[in-house]
Amino acid sequence: PKGLVLIETKGRHSSTEPELRVTGLETESSKPSVLPVSSALLPRLTSRPFGREERVQVQRRGEELEISCRAGHSPAGAVLDPGEARLPRALAADLVAQGWGGGGFRFSIVPKGADAPQDSGAFETAGSALKAVVSAEIREESDDAVQFVVVCPARAATLTLSSVSIETRPGNGPPFPRSAWIWEAPRWVENPDHLVEDAATHRIGTLFVALPIENGQLLQPDRLARFVRRAGARGISVVAVEGDPAMVLEDGRKVAIARAEAIARYQQGVSAEDRLAGVQYDIEPYLLPSFQSKRERILAAWADTVIALERALGERIDLALPFWIADRPDARRLLLDQLESHVRRITIMAYRTQWEAVTSAAEPLLAWGSKLNIPVTVGLEAGFVADEIHHHYVPAAQGELRLVEIGDVTAAVLLEGAHEGLPGRTFRLDRIVAVPGSRISFLGDISRMMQVADETERRLSAWSAFSGLAFHGLFER
């Protein structure tokens, strides 16, 4: 690994002993960040003039940027640089620049360091202002940092930019459906009417519900059928949800397949109006203690399990995935590339509490789904999430943390003080970062979650694969 993170998790109660776990640090610090959608970009742009005739002056005037050009024959203008940042991938949106001043200016997006293209967009009159619109669509694979270029006309002119932003194109469809998880089967078994009404109040169109299955048999199938029918009468579909990291292991996979076969028997034995709308699997095998030391083996087993479950069910499945999975080359190769024809939908656990962070987290898998025409739901969290302290370690000649191979297991050994010359790979403490639970979860603040949901939906609609939001913890007792 490029580094390690020792994560200290605080318990729900002050008397709870902290939990410690180690994970690989795989984020590339040099990787371009993602420019936000429907957000003011001009304040974050640095600017510089270009042109061999040196006929351009660029000045900040408050929140605006003034570009003054003298007459000349050689190409000239201003480069607007967002730093090491890129456009969101597979995005159906436009880069919009607005301002006022003289005509003849042109606007474009280019890879960092490239010249302005010939097909740049012209600033045109929009009421009393000037406006330039350039397509921000790029191919899904692109990870190039970009910059924006304003090109001067040959004559003398001045342009004052007042805003630059990535804007989604107007949509004409109905509101996006929303969904929610119900992990406690008694919620729908004991009081189905209350749950259906509660879901309808929150504009929920799909409920992911846990099913009571024991020894390969679905318990109370008649109650499930009545619940599905009741929810359907209110326009709410019901999807079964299953999940356990052990499903990727041999014994756990056998149990998961037996449960899938029980669901398949239910589906085959009921009428269409009582039938589940599908099955979602939230497996999360990266929570297994052996994941870091057997990463590739477990990723491959994850794909094998999904394919086996699809076969047992006789239908494609909905797969819940962590937001980081599409940005890991081994996970793309061993998991995503293997499952393109086996999933009907994915749900991204993009658990953040600011719309900018949700959009950035969900972007890689939204781009993946848009490329393959696979619908993508984006999840938000409202339940309890503990505060964490992340101790970041980096490779070093001397350090307090060592990775030692013990048989087929890699153990992390934390020492008192720095040492050298010991067996294993050495890491030293680089920094300590506090990660509050409120960064990941709305912690029961449903009103705020719904406000952020509205803002998030508007921005995520720029991806063709986006098919709504899902709420985790919305109906927790």
Side-chain angles (χ1 to χ4, degrees), residues 140 179 181 206 208-211 213 215-218 237-269 275-349 364-379 465 467 470:
E140 185 259 344
S179 47
W181 284 274
T206 299
F208 304 120
V209 303
L211 302 182
I213 300 174
N215 300 318
Q217 297 295 320
L218 174 64
S237 60
V238 178
V239 172
V241 61
E242 295 273 288
D244 185 343
M247 286 180 174
V248 303
L249 306 177
E250 184 177 355
D251 290 343
R253 185 181 298 164
K254 289 177 182 177
V255 172
I257 289 172
R259 292 177 65 91
E261 290 171 344
I263 296 172
R265 287 194 295 273
Y266 169 83
Q267 294 284 73
Q268 294 161 5
R275 200 168 293 147
L276 295 163
V279 184
Q280 180 189 81
Y281 282 91
D282 180 11
I283 299 175
E284 304 186 47
Y286 43 87
L287 298 178
L288 291 171
S290 58
F291 181 73
Q292 290 301 327
S293 59
K294 301 178 180 178
R295 182 186 176 93
E296 291 203 349
R297 191 186 310 177
I298 290 175
L299 286 169
W302 193 355
D304 291 342
T305 293
V306 170
I307 293 169
L309 291 170
E310 178 205 22
R311 189 180 304 119
L313 286 166
E315 61 180 274
R316 293 186 180 187
I317 67 172
D318 179 340
L319 188 61
L321 292 170
F323 65 84
W324 48 262
I325 206 83
D327 268 346
R328 304 291 192 268
D330 57 352
R332 286 190 74 107
R333 173 172 52 87
L334 296 169
L335 181 67
L336 292 182
D337 290 351
Q338 309 306 315
L339 298 182
E340 292 177 2
S341 61
H342 299 283
V343 296
R344 70 181 185 97
R345 173 185 304 273
I346 63 170
T347 299
I348 310 171
M349 293 177 281
L365 279 171
L366 282 166
W368 182 81
S370 296
K371 178 186 177 184
L372 299 172
N373 295 317
I374 295 175
V376 176
T377 300
V378 176
S467 60

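Every residue two or more places apart in sequence or in another chain was checked for a side chain to side chain contact (heavy atoms under 4.5 Å, CB included) with Pro289, and none qualifies. Taking the side chain to side chain contact (heavy atoms under 4.5 Å, CB included) definition, one finds that Pro375 meets it with Arg345, Ser467, sequence neighbours left out. For the side chain to side chain donor-acceptor pair (under 3.5 Å) test, no residue two or more places apart in sequence or in another chain qualifies with Arg297. With sequence neighbours left out, Thr206 forms a side chain to side chain donor-acceptor pair (under 3.5 Å) with Ser237. In this view, Ala256 and Met247, Leu309 satisfy the side chain to side chain contact (heavy atoms under 4.5 Å, CB included) rule, not counting sequence neighbours. Take Asp327 and apply the side chain to side chain donor-acceptor pair (under 3.5 Å) test, not counting sequence neighbours, and it matches Lys31, Arg89. Residues forming a side chain to side chain donor-acceptor pair (under 3.5 Å) with Glu340 (at least two apart in sequence, or on another chain): none. Not counting sequence neighbours, the partners of Arg333 by the salt bridge (Lys or Arg N to Asp or Glu O under 4.0 Å) test are Glu296. The ring-ring contact (aromatic ring centres under 6.0 Å, His included) search around Phe208 returns Trp181, not counting sequence neighbours. Not counting sequence neighbours, the partners of Leu288 by the side chain to side chain contact (heavy atoms under 4.5 Å, CB included) test are Pro245, Val248, Leu249, Pro285, Ser290, Ile298.
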Name the atoms and distances for all side-chain donor-acceptor pairs under 3.5 Å in residues 311-319, with sequence neighbours left out.
from	atom 1	to	atom 2	distance (Å)
Arg316	NE	Ser341	O	3.1
Arg316	NH2	Ser341	O	3.3
Asp318	OD1	Thr347	OG1	3.3

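Taking every heavy atom of both residues into account, Gly369 and Val376 meet most closely at CA-CG2, 4.0 Å. Between Ala303 and Leu334, the closest heavy-atom pair is CB-O, 3.5 Å. Across all non-hydrogen atoms, the minimal contact from Thr377 to Ser179 is CG2-OG, 3.9 Å. Of all heavy-atom pairs between Leu218 and Ala262, the closest is N-CB, 4.1 Å. Taking each heavy atom of Trp368 and Ile374 in turn, the nearest pair found is CH2-CD1, 3.8 Å. Nearest heavy-atom pair across Val241 and Ala210 is CG1-N, 3.6 Å.
The stretch residues 252-265 participates, sequence neighbours left out, in these side-chain hydrogen bond (donor to acceptor under 3.5 Å, both in side chains) pairs: Glu242-Arg259, Arg253-Thr305.
Side-chain contact between Val306 and Tyr281: absent, with no pair of heavy atoms (C-beta onward) separated by less than 4.5 Å.
For CG of Asn215, the number of neighbouring non-hydrogen atoms (other residues, nucleotides, ligands) closer than 6.0 Å is 12 at most.
In terms of modelled atom types and a separation under 3.5 Å, the side chain of Gln267 and the main chain of Leu276 share a donor-acceptor contact.
Taking the six-membered ring where the residue is Trp, Tyr286 and Trp302 present tilted rings, their angle falling between 30° and 60°.
If you take CG on Leu299 and CG on Asp330, they are separated by 5.5 Å, rounding to the nearest 0.5 Å.
No option in Leu321, Ile325, Asp282 other than Asp282 meets the side chain to side chain contact (heavy atoms under 4.5 Å, CB included) test with Met349.
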